[in-house]
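What follows is one structure encoded as structure tokens, with my remarks underneath.
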Amino acid sequence: MSESEEYRGRVRQMRAKAKDLNDEAERTTDPKERQRLKEKARRIEAESDQVSGMASGDIYPME
């Protein structure tokens, strides 16, 4: 498996996890828990964007 394939697989996993967290946040009735889950999903999405940039050859992480 090439390095870029590994990055793509990792990005797919991270985006799936973020989607799961967002879905879970929509189902919960506790506002604090909803906020916590949404923030965690946003962090994972941001990290997946950085990993995606590295996979495409962009050496500078997104800020």
Side-chain angles (χ1 to χ4, degrees):
M1 179 181 284
S2 74
E3 190 173 320
S4 66
E5 289 173 337
E6 289 179 36
Y7 280 130
R8 283 193 293 270
R10 183 169 176 216
V11 168
R12 269 194 303 275
Q13 289 175 337
M14 293 169 78
R15 289 183 178 159
K17 178 66 174 175
K19 182 186 180 314
D20 290 345
L21 288 169
N22 275 319
D23 292 347
E24 187 177 342
E26 293 302 319
R27 289 190 300 270
T28 190
T29 57
D30 180 10
K32 288 183 180 182
E33 180 68 2
R34 180 180 296 122
Q35 183 65 28
R36 185 188 72 77
L37 291 168
K38 286 186 174 277
E39 287 174 7
K40 186 171 183 178
R42 275 193 292 272
R43 284 192 304 272
I44 291 172
E45 288 169 350
E47 186 178 343
S48 75
D49 288 343
Q50 287 183 342
V51 171
S52 179
M54 287 188 290
S56 68
D58 185 2
I59 62 170
Y60 301 104
M62 297 174 68
E63 295 189 38

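- Among residues at least two apart or in separate chains, salt bridge (charged side-chain N to carboxylate O under 4.0 Å, His left out) pairs with a member in residues 39-48 are R10-E47.
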Please assess D30 against Q35 for the test side chain to side chain contact (heavy atoms under 4.5 Å, CB included), listing each intermediate value before the final yes or no. CA-CA 9 Å; D30 180 10; Q35 183 65 28; over 6 Å; no
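- More than 12 heavy-atom neighbours from other residues, nucleotides or ligands sit within 6.0 angstrom of NZ on K38.
- Q50 has its side chain out of reach of V11: every pair of non-hydrogen atoms, C-beta onward, lies at least 4.5 Å apart.
- Rounding to the nearest 0.5 Å gives a distance of 5.0 Å between CD1 of I44 and CG of L21.
- Note that CD of E24 is 11.0 Å distant from CD of E26, once rounded to the nearest 0.5 Å.
- Looking at every heavy atom in both residues, A25 comes nearest to R34 through O-NE, 3.2 Å.
- Using a 4.5 Å heavy-atom threshold, the side chains of K17 and M14 count as separate.
- A salt bridge between R27 and D23 is absent, with no side-chain N of the basic residue lying under 4.0 Å from a carboxylate O of the acidic one.
- Under the side-chain contact (heavy atoms from CB on, under 4.5 Å) criterion, D20 pairs with no residue, sequence neighbours left out.
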